[in-house]
2 protein chains.
Amino acid sequence: MTIRHQPDRAVPSKDLIDAVRAFNRFYTRQIGLLDEGLLKSTFSLTEARVLYELAHRDGLTATDLGRDLGLDAGYVSRLLKKFERLHLISRATLASDARQSSIALTPAGRNAFAPLNKDSHDQVAALLDRLPTSEQDRLVKSMRTVQRLLDENAEPKIPYLLRPLQVGDIGWITRRQGMLYAQDYGWDETYEALVAEILAAFVKSYDPKWERSWVAEREGEVVGSVFVVRKSDQVAKLRLLYVEPSARGLGIGKRLVEECIGFARARGYKTLTLWTNDILTAARHIYQAAGFRLTEEEPHHSFGKDLVGQNWDLDL
Amino acid sequence: MTIRHQPDRAVPSKDLIDAVRAFNRFYTRQIGLLDEGLLKSTFSLTEARVLYELAHRDGLTATDLGRDLGLDAGYVSRLLKKFERLHLISRATLASDARQSSIALTPAGRNAFAPLNKDSHDQVAALLDRLPTSEQDRLVKSMRTVQRLLDENAEPKIPYLLRPLQVGDIGWITRRQGMLYAQDYGWDETYEALVAEILAAFVKSYDPKWERSWVAEREGEVVGSVFVVRKSDQVAKLRLLYVEPSARGLGIGKRLVEECIGFARARGYKTLTLWTNDILTAARHIYQAAGFRLTEEEPHHSFGKDLVGQNWDLDL
DNA sequence: ATCATTTACTTGACTAAGTCAACCAATTTA
DNA sequence: TAAATTGGTTGACTTAGTCAAGTAAATGAT
């Protein structure tokens with residue numbers, strides 16, 4: 001099932017639409033170029049696509065193939081008949097439904113598919129080989145992004161994972177927090193600078209025994225983070241909790257806070273404290289649910305706005 | 001002409017190749033879905049593609065169309081004949097070559113194309129509309145990246161532009177510098193922290209009269225930056241020059257340094273100074289060419305490495 | 001339990017879409 | 001100036017795919 005937040009929708013701008021259309025035209029051509037290479041084989045393009053599916057997925061039925069590849073049922077039927085005549089596939093009537101059968105490649109089918117597969121592989125390899133490795137990575141990353149955004153069924157198997165800070169993270173976290181709060185609350189660039197300062201200080205004075213960072217990663221992208229720093233022997237401070245809008249609803253915020261609490265307990269701190277602003281309601285709910293209590297409120301003028309700062313404490 | 005650096009090439013890994021192939025299969029299907037919607041019109045898909053080209057580009061010849069859309073010459077010839085019979089296009093024999101003619105849509109042709117164009121536009125709009133705006137932007141950005149990387153002819157019209165710092169930049173610059181120097185020279189996370197610290201300080205104490213930032217943007221992405229800060233009435237300091245590997249060779253580094261020098265002169269500084277490390281040879285060449293002179297060298301241990309720091313000065 | 005409907009697949013009849021080779025005329029190259 | 005190349009056209013052809021009708025099995029409604 002797909003769970004997806006849908007904040008701030010608006011009519012897509014003409015520029016965006018045109019860019020997508022330009023990409024569609026471009027990629028139509030691109031696929032055409034790649035397919036040309038496969039045309040020399042005895043199989044048509046569609047036949048090759050069918051063979052690919054059969055080689056990579058088990059227990060497919062004729063309807064599955066038609067649906068997934070967008071083919072006419074009659075056409076699929078004929079293709080399969082041809083493959084059967086060539087002894088490339090075998091069909092086993094399903095016990096659950098005598099109309100359907102599970103289709104599998106025979107060894108001969110695998111043999112026939114192998115050179116096709118190799119050609120396609122080599123062609124893509126040649127395409128990639130024109131680029132330096134760093135650009136290859138960018139290409140693939142961008143492709144994955146496109147695919148994930150367009151394919152609603154493409155929810156990642158692992159929704160997210162937590163890991164400690166690594167090089168590049170503090171810049172990324174700085175950027176995203178700066179941009180998010182600028183966008184959502186109109187905060188100015190001094191907030192981003194504050195985040196940068198806090199993170200720089202965290203790294204420089206990092207004390208692994210008493211402090212820790214958690215970065216939430218989803219599909220190789222940072223989608224959230226939180227930090228615990230030492231204030232005193234007794235008191236730890238939770239800092240800079242954030243979750244990407246696109247990754248909200250997965251429980252990442254709650255999980256990050258839980259990790260902080262667990263860590264603070266394990267290290268023997270007596271109190272976990274944090275500072276936030278009253279307008280950040282999503283975060284507040286998480287803190288409340290985790291047992292934090294508001295201890296202090298104080299108006300202040302920061303980041304170009306009038307705000308109300310809050311201190312929250314949790315007894316460990 | 002395409003100028004492109006080709007550092008560190010290697011055989012593309014199987015994972016990358018498979019990811020690209022998966023994307024190709026995915027997008028084949030995606031295009032198929034989008035095209036289904038256009039099938040109800042009187043024109044075939046290819047006819048629609050031809051009309052699109054004709055509507056958007058002037059002075060096309062039959063060969064141009066065949067080449068750009070990957071179509072058989074005979075087929076193009078027939079398509080055009082059909083369009084001519086329907087009075088959708090007109091042909092004007094070229095003065096320069098009596099065999100060729102320049103093809104243009106007639107008003108009737110534009111009329112016939114309009115609903116097709118609208119359908120395609122609306123369909124893409126509907127596709128985008130399923131996503132929140134922030135994700136729409138990500139999608140389009142990723143598509144542009146894919147297109148630019150695969151299409152060697154797709155050099156951007158504007159190679160790059162310079163602008164002052166905006167929200168999100170200091171995080172991005174921090175990240176990229178941290179990652180680049182980690183990758184190329186093995187520097188540890190304290191370098192990234194240092195960049196974050198410097199940039200945070202820059203923003204917090206920014207004095208517009210005496211200080212300035214330049215961010216180089218290419219295709220909407222940050223590909224370089226540099227900062228000038230005030231050391232004293234007489235001395236300005238150039239800091240944190242960097243250019244993305246993918247954007248090198250465009251003269252961005254040189255340009256950024258020139259901007260710094262011009263600014264420092266205009267503000268009446270007497271000296272522009274900078275600190276760098278001897279291993280950063282590309283940067284050094286730029287400084288030398290701009291007239292900077294090495295004034296001091298000093299070994300130091302930073303970022304987990306033994307380095308040789310250098311001070312360079314330019315008399316303004 | 002039974003009848004109507006839906007689903008999975010098949011088949012015949014068809015055509016749109018595209019290919020291939022041969023050809024002509026204009027242009028370029030040797 | 002002859003030979004080769006390029007731009008475009010045409011006839012003959014195939015292939016890839018569509019559409020509608022039909023069968024048998026499964027499902028749903030009564």
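We use all heavy atoms of the structure for the numbers below, so side chains are in, but hydrogens, waters and symmetry mates are not. Bear in mind the structure is a predicted one, so any value in this text is a computation, not a measurement. Note on naming: letters A, B, ... go to the chains in the order of the sequence lines (proteins, then strands), and numbering restarts at 1 for each one.
Along DNA chain D, the nucleotide nearest to B/Lys81 and the one nearest to A/Thr46 differ in position, and the one closer to the 5' end is contacted by B/Lys81.
Between B/Ser77 and D/dG7 there is no side-chain polar atom (N or O) within less than 4.0 angstrom of OP1 or OP2. At C/dT10, one or more side-chain N or O atoms of A/Arg91 fall inside 4.0 Å of OP1 or OP2 (strictly under the cut-off).
Centroid-to-centroid, the aromatic rings of A/Tyr27 and B/Phe26 stay 6.0 Å apart or farther.
You'll find that the side chain of B/Arg78 is closest to D/dA12, out of D/dA12, D/dG17, D/dT9. When distances are taken from the side chain of A/Gln100 to each of C/dT11, C/dA8, D/dG7, the shortest belongs to C/dA8.
In the displayed structure, B/Arg144 atom CZ is contacted under 6.0 Å by at most 12 heavy atoms of other residues, nucleotides or ligands. With a 6.0 Å radius and a threshold of 12 heavy atoms from other residues, nucleotides or ligands, B/Leu161 has its CG atom above the threshold.
Contact of B/Arg67 with D/dG7 (side chain to base): no donor-acceptor pair of N or O atoms is detected under 3.5 Å.
A donor and an acceptor atom, one from each side chain of B/Asp64 and B/Thr61, are located under 3.5 Å apart.
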### Task
Just do the side chain to side chain donor-acceptor pair (under 3.5 Å) check on A/Arg21 and B/Asn117 with the steps written out, would you?
CA-CA 10 Å; A/Arg21 292 179 69 194; B/Asn117 193 38; 2.6 Å; yes
### Task
Could you run through nucleotides 20-28 of chain D and give me one letter per nucleotide, 5' to 3': B if any protein heavy atom sits under 4.0 Å from the base, S if only the sugar-phosphate is that close, - if neither?
----BBS--
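Side-chain contact between A/Glu217 and A/Glu221 is absent, with no heavy-atom pair separated by less than 4.5 Å.
Here the C1' atom of nucleotide D/dT9 and the CD atom of B/Glu84 are 12 Å apart, to the nearest Å. Nucleotide D/dT18 holds its C1' atom 13 Å from the CG atom of A/Leu79, rounded to whole Å.
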